[in-house]
Structures are given as structure tokens and as C-alpha cells.
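Following: one structure in C-alpha cells, then a few remarks.
The shown structure was predicted, so the numbers you read here are calculated from the model rather than taken from an experiment.
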Amino acid sequence: MNVKTLTQVFLVLTIVSITLFFFYKYFYQTSNQIELSDKEKVEEKKITDEKIDSIIEDLTFENIDMDGNIFKIDSKYGEFPIGEDYIVLSDISATIQMIGKDTIYITSEKADYNKLNLKTKFYINVNIRYEENIVTSDNFYVDLSKNFASINGNVVFNNKNMESYADNIDFNIIEESISINMFDKEDKIKIKRK
């Protein structure tokens, strides 16, 4: 081989080597950086998702009105959705203590407690005890500012005299007036005497 051909082969190999070096240095590492960048975005998204709800354990809320009536809620867990006025509580026990009246005891798996207007919606396996009365239902809504409560969804009312089934019970907490009804007017409230 002559020197000219050898020089050409050397130059071609040098150009190929430099091209491969640049490709490896800039393009191959860039794809790794893109993969790392994607991983960082996934981790960043997980952190952002975690900031949506703050979870706090062992919460207690107690409100005393001007008449001295006490509404207390204890919860094992509470989630504070960002930008919302309510707290989602889990594993709840609550009491309503009215002056001169027996205490109302409430338990449920979940509740939405509005921290501004104190309205509370208990749901999932709701149990209410008042004097000798036991009520189970799907939902229990309490608005203490209006002294109003509503129990609805598969309502079963038990005491020593009877067991009754209805769709809805509305009552005034102060006056102790009760309205029991069915959602479908053709359905009848079922009452079993003991």
C-alpha cells in the first residue's frame, strides 16, 4: 500500500472514531439524561400527589355553642383536601351533649366535617345511640347551626318496644320533634312490636 492510501484509511478511521466519540458523548448521554429526567418527573409527581391531602392521626374537634351544648368528634385519621373547607375523617366516634338532655352517641367509618359551618355528614355503617334508642343507617347529617339532623338510607330504629324500618328520619335536636318517612310515597314504614 502506498502512503496516500494509508493516509486516507487513517483519516477515515479518525473521522469514524471522532463521530462515534461525539455520538457517544452527546447523543447517548442525552438519552440517559432524558430517562433520568423522566424519573425525576415521576418522583416529582408522587411528591405533588402526596401534597394533595395531608393526613393527620388522632384528631379531636370540640365545639361549644352559646348555650353550653357540646359537639365532639374523635377520629383516628383525618385528610385535609387542599382548597376545601371540609375534612374527611375515618373511624369516628362523636357525641352531642345538649344541656338538660341525654347524650347522643355516634359512630361511623367515615365523616365529612366542615370546619367553617360545623356541618357534618357521617356515612358508612352509621350507629346512633340516644337513651334506649339505637339507630343504624347509611348516612347521618348534622347541622348544629339549625339544630337539625337527618338520618337516611336503610334506617333501622330499635328500642325496647319496637323495631322500625324507614328511608329517612328528620329531627329537631332541641325540640326533639321527629319526622319519619319513605322516599317513595307508596312504600310504607315497617314497624315490628317487641
Side-chain angles (χ1 to χ4, degrees), residues 50-183 189-194:
E50 289 173 4
K51 291 181 182 178
I52 290 175
D53 292 330
S54 299
I55 298 174
I56 298 177
E57 294 182 13
D58 299 322
L59 289 171
T60 298
F61 296 98
E62 187 172 292
N63 299 299
I64 303 172
D65 68 10
M66 293 174 62
D67 298 326
N69 301 315
I70 301 170
F71 179 51
K72 183 178 178 183
I73 300 177
D74 292 310
S75 172
K76 296 235 184 210
Y77 302 99
E79 296 178 46
F80 295 79
I82 292 175
E84 299 294 337
D85 294 332
Y86 66 91
I87 302 161
V88 179
L89 303 172
S90 298
D91 199 7
I92 300 105
S93 64
T95 57
I96 301 173
Q97 298 172 326
M98 307 298 285
I99 298 294
K101 301 188 186 320
D102 286 342
T103 302
I104 300 169
Y105 299 93
I106 307 151
T107 60
S108 71
E109 289 182 30
K110 294 278 190 180
D112 294 340
Y113 173 74
N114 189 308
K115 53 193 174 191
L116 297 179
N117 60 21
L118 309 179
K119 294 178 182 176
T120 308
K121 178 184 177 188
F122 299 90
Y123 52 99
I124 304 175
N125 295 324
V126 179
N127 292 293
I128 305 157
R129 273 188 315 118
Y130 177 70
E131 295 176 347
E132 296 178 1
N133 304 305
I134 299 172
V135 180
T136 60
S137 70
D138 294 335
N139 302 296
F140 179 47
Y141 172 77
V142 179
D143 184 351
L144 292 179
S145 66
K146 296 180 180 177
N147 295 315
F148 173 79
S150 178
I151 306 167
N152 55 56
N154 299 312
V155 178
V156 179
F157 179 86
N158 277 302
N159 64 22
K160 64 182 180 179
N161 299 321
M162 69 175 175
E163 180 175 270
S164 63
Y165 303 88
D167 287 338
N168 190 57
I169 299 175
D170 293 330
F171 62 93
N172 184 307
I173 297 170
I174 299 290
E175 297 172 4
E176 296 182 354
S177 60
I178 296 175
S179 168
I180 302 172
N181 58 45
M182 301 296 280
F183 294 131
I189 299 167
K190 297 174 186 141
I191 300 173
K192 292 181 185 176
R193 298 245 179 235
K194 292 184 180 179

[X] [atom1]: over 12 foreign heavy atoms closer than 6.0 Å:
{"X": "Tyr141", "atom1": "OH", "result": "yes"}
{"X": "Lys101", "atom1": "NZ", "result": "yes"}
{"X": "Glu131", "atom1": "CD", "result": "yes"}

Closest non-hydrogen atom pair, [X] against [Y]:
{"X": "Tyr123", "Y": "Val88", "value": "OH-CG1, 4.1 Å"}
{"X": "Tyr165", "Y": "Met182", "value": "O-SD, 4.3 Å"}
{"X": "Val155", "Y": "Asp167", "value": "CG2-O, 3.7 Å"}
{"X": "Ile99", "Y": "Gly68", "value": "CD1-O, 3.7 Å"}

Test item: side-chain donor near acceptor, [X] and [Y], under 3.5 Å:
{"X": "Asn154", "Y": "Asp138", "answer": "yes"}
{"X": "Asn172", "Y": "Asn147", "answer": "no"}
{"X": "Asn127", "Y": "Tyr105", "answer": "no"}

Could you state the interatomic distance from [atom1] ([X]) to [atom2] ([Y]), rounded to the nearest 0.5 Å?
{"X": "Ser164", "Y": "Lys192", "atom1": "OG", "atom2": "NZ", "result": "11.0 Å"}
{"X": "Ser137", "Y": "Ile124", "atom1": "OG", "atom2": "CD1", "result": "11.5 Å"}
{"X": "Lys110", "Y": "Asp91", "atom1": "NZ", "atom2": "CG", "result": "9.5 Å"}
{"X": "Glu84", "Y": "Glu79", "atom1": "CD", "atom2": "CD", "result": "12.5 Å"}
{"X": "Leu144", "Y": "Leu118", "atom1": "CG", "atom2": "CG", "result": "7.0 Å"}
{"X": "Thr103", "Y": "Gln97", "atom1": "OG1", "atom2": "CD", "result": "4.5 Å"}

Any [X] side-chain heavy atom under 4.5 Å of [Y] side chain:
{"X": "Leu116", "Y": "Asp85", "result": "yes"}
{"X": "Ile92", "Y": "Tyr113", "result": "no"}
{"X": "Thr95", "Y": "Ile70", "result": "no"}
{"X": "Thr120", "Y": "Ile73", "result": "yes"}
{"X": "Ile128", "Y": "Phe140", "result": "yes"}
{"X": "Asn69", "Y": "Ile96", "result": "no"}
{"X": "Leu59", "Y": "Phe80", "result": "yes"}

Would you confirm whether Asn117, through its side chain, and Lys119, through its main-chain N or O, come within 3.5 Å as a donor-acceptor pair? yes
Under 3.5 Å, side chain of Ser75 to main-chain N/O of Ser90, donor-acceptor pair present? yes
Side chain to side chain contact (heavy atoms under 4.5 Å, CB included) partner of Phe122, the single match among Val142, Asn139, Leu89: Val142
side-chain contact (heavy atoms from CB on, under 4.5 Å) evaluation trace for Phe61 with Ile87: CA-CA 11 Å; Phe61 296 98; Ile87 302 161; 3.4 Å; yes
For Val135 and Ile151, run side-chain contact (heavy atoms from CB on, under 4.5 Å): C-alpha distance rounded to whole Å, both residues' side-chain angles, the deciding distance at 0.1 Å, then the answer. CA-CA 9 Å; Val135 180; Ile151 306 167; 3.9 Å; yes
